[in-house]
Amino acid sequence: LLENIFLDVVQSASTSDRAWTALELSHICRTFRHTAVNCARLWTCLNRKRGRPALALIEECIKRSRGLPLDVTLYFYSYRKPVGESKEVIMLAVDRIARILIPISDRWRSLSVRFLVDEYSEQHVIIPNEFTLSTGYLKAPILEELSIEDASHFKMWMGSSPYGTFFWSWSLPALHSIITHNICPSTIFPKFHSQLQTLKSSFSGRENLKMLSSLPAFLESTAFKEILFSFNAFCFDRPRTNPRVLVLPYLEALHITFAN
């Protein structure tokens, strides 16, 4: 009973706080600690942002999860660094948690990738080249869900699209669900299209209207059974005079929601 209560408490927390929540439960009393430490499911969510939590806690979570499938989150950061009096260079980096996660990719059940425009401390990150080299032809045999989120208009700020460029060589045979936020799902590489079954895409802000232009061709290249679109504060101010008709023979359910 206590284990089930702990699971409810941890799962009700945001993904960024679940490791902390599990750790706090294990420090209340001897009984709570014994229950928490021996409940492997409490420790399967690995999420680190701006250097918190410390990598030591991430490593302990991996140990205590005892081989169970993992839900992992990986942050990409970028900011403009002044160089000289009037010049700037774009700095891009990956959270250092990647060094711990990559060797255990065979345990990933879900992967959430988040792009942020955010200044970072070099002690908490690795350079993209290291990440690319260490993940070349990465194998994640049980990965079912891939989530890609642009939380701060990263592409617009960078002037180019980094989405998907890191994953093209990966082996993801179990992947069937894609979740995107402020990113057109067409950035998902074609090699994965035939195996995808569920798409959940959310868009916010008027400036993201252009990204929908490639959506029809992408949808026709897939075999989605369920599609969910969510539009928040999104303005369709350019109606099409000749709207395109899509034929999606495998689609069983389509959900579209709008919010201001």
Side-chain angles (χ1 to χ4, degrees), residues 3 7 10-11 13-23 36-49 52-76 93-115 124-149 162-180 183 185 187-200 222-223:
E3 182 176 311
L7 287 170
V10 170
Q11 291 171 5
S14 66
T15 56
S16 60
D17 291 331
R18 289 180 184 176
W20 282 116
T21 303
L23 184 65
V37 170
N38 288 282
C39 179
R41 288 185 292 169
L42 287 181
W43 309 93
T44 58
C45 186
L46 308 181
N47 186 312
R48 182 176 187 264
K49 182 180 179 181
R52 293 180 59 83
L55 294 177
L57 176 55
I58 299 299
E59 292 173 334
E60 189 63 25
C61 287
I62 294 172
K63 177 182 177 181
R64 293 181 179 181
S65 62
R66 297 201 296 271
L68 289 182
L70 301 170
D71 299 305
V72 303
T73 300
L74 189 60
Y75 282 91
F76 287 71
V94 186
D95 197 284
R96 194 178 289 262
I97 192 177
R99 287 182 177 171
I100 298 176
L101 298 180
I102 292 168
I104 57 170
S105 63
D106 60 331
R107 293 178 57 191
W108 296 358
R109 187 203 69 83
S110 69
L111 170 64
S112 178
V113 180
R114 300 181 181 179
F115 293 86
H124 298 314
V125 299
I126 62 175
I127 61 175
N129 187 52
E130 177 184 340
F131 178 80
T132 302
L133 291 174
S134 60
T135 58
Y137 301 98
L138 177 143
K139 296 180 180 180
I142 66 170
L143 184 75
E144 301 173 353
E145 180 181 285
L146 174 62
S147 174
I148 306 178
E149 175 183 354
Y163 317 130
T165 57
F166 299 103
F167 320 123
W168 69 270
S169 66
W170 292 11
S171 174
L172 310 174
L175 180 66
H176 62 76
S177 180
I178 294 292
I179 301 174
T180 64
I183 297 171
T187 57
I188 304 299
F189 274 89
K191 64 181 287 186
F192 302 122
H193 289 187
S194 62
Q195 67 193 72
L196 299 178
Q197 299 181 22
T198 303
L199 170 67
K200 300 178 182 179
T222 65

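Below, each value reflects all heavy atoms present in this structure, side chains not excepted, and no hydrogens, waters or symmetry copies.
With Arg66 contributing its side chain and Asn38 its backbone, the two residues share a donor-acceptor pair below 3.5 Å. Between the side chain of Arg107 and the backbone N or O of Leu68 there is at least one donor-acceptor pair closer than 3.5 Å. Judged purely by atom type and a 3.5 angstrom limit, Arg18 has no side-chain atom pairing as donor or acceptor with the backbone of Leu42.
Expressed to the nearest 0.5 Å, how far CD of Glu130 lies from CZ of Arg96 amounts to 7.5 Å. The OG1 atom of Thr198 lies 7.0 Å from the NE2 atom of His176; values are rounded to the nearest 0.5 Å. In this structure, Leu111 CG and Arg109 CZ are separated by 11.0 Å, a value rounded to the nearest 0.5 Å. Taken from CG in Leu46 to OG in Ser65, the straight-line distance is 7.0 Å, to the nearest 0.5 Å. Atom CG of Leu143 sits about 10.5 Å away from atom OG of Ser171, to the nearest 0.5 Å. Note that SG of Cys61 and CG of Leu55 are 11.5 Å apart. Values are rounded to the nearest 0.5 Å.
The two residues Ile58 and Asn47 come nearest to each other via the heavy atoms CD1-O, 4.1 Å. The shortest heavy-atom contact between Ala19 and Cys45 is CB-O, 4.2 Å. In this structure, Phe192 and Leu172 approach most closely via the heavy-atom pair CZ-CD1, 3.7 Å. Of all non-hydrogen atoms in Ala223 and Ser194, the two that sit nearest each other are CB-O, 4.4 Å. Residues Thr73 and Tyr75 share a closest heavy-atom pair of CG2-CE1, 3.7 Å. In this structure, Pro141 and Asp106 approach most closely via the heavy-atom pair CD-CA, 3.7 Å.
Under the 4.5 Å side-chain criterion, counting only non-hydrogen atoms from C-beta, Glu145 is not in contact with Ile178. Looking at Glu149 and Ile183, their side chains never come closer than 4.5 Å, going by heavy atoms from C-beta outward. Contact of the Ile179 side chain with the Leu146 side chain is not registered, since no non-hydrogen atoms from C-beta on lie closer than 4.5 Å. In this structure the side chain of Leu138 reaches within 4.5 angstrom of the side chain of Ile102, judged on heavy atoms.
If you look at Phe131 and Phe76, their ring centroids are closer than 6.0 Å.
At a cut-off of 3.5 Å, with distance as the only test, a side-chain donor of Asp71 or Ser110 sits close to an acceptor on the other residue. In the model, Arg114 has no side-chain atom that pairs as donor or acceptor with a side-chain atom of Ser147 under 3.5 Å. Counting only N and O atoms by type, the side chains of Asn129 and Thr132 include no donor and acceptor under 3.5 Å apart.
Residue-environment remark: CZ (Arg52) stays at or below the threshold of 12 foreign heavy atoms within 6.0 Å. Atom NZ of Lys191 is surrounded by more than 12 heavy atoms from other residues, nucleotides or ligands within 6.0 Å.
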Item to complete: Begin with the C-alpha distance, continue with both residues' side-chain angles, and end with the deciding distance and a verdict on side chain to side chain contact (heavy atoms under 4.5 Å, CB included) for Ile148 and Phe115.
Response: CA-CA 8 Å; Ile148 306 178; Phe115 293 86; 3.8 Å; yes

Discussion item. Assess the residue pair Thr15 and Ser112 against the criterion (side chain to side chain contact (heavy atoms under 4.5 Å, CB included)); give the C-alpha distance rounded to whole Å, side-chain angles, the decisive distance to 0.1 Å, and a yes or no.
Written reply: CA-CA 10 Å; Thr15 56; Ser112 178; over 6 Å; no

Practice prompt. Mind running side chain to side chain contact (heavy atoms under 4.5 Å, CB included) on Glu144 and Leu175 for me, showing each step along the way?
Written response: CA-CA 4 Å; Glu144 301 173 353; Leu175 180 66; over 6 Å; no

Worksheet entry | Pair Trp108-Leu101, side chain to side chain contact (heavy atoms under 4.5 Å, CB included): steps then yes or no | CA-CA 9 Å; Trp108 296 358; Leu101 298 180; 3.9 Å; yes

Practice prompt. Apply side chain to side chain donor-acceptor pair (under 3.5 Å) to the pair Arg48 and Ser16, showing each step before the final yes or no.
Written response: CA-CA 7 Å; Arg48 182 176 187 264; Ser16 60; over 6 Å; no

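With respect to Glu59 and Lys63, no salt bridge is recorded, no charged nitrogen being found less than 4.0 Å from a carboxylate O.
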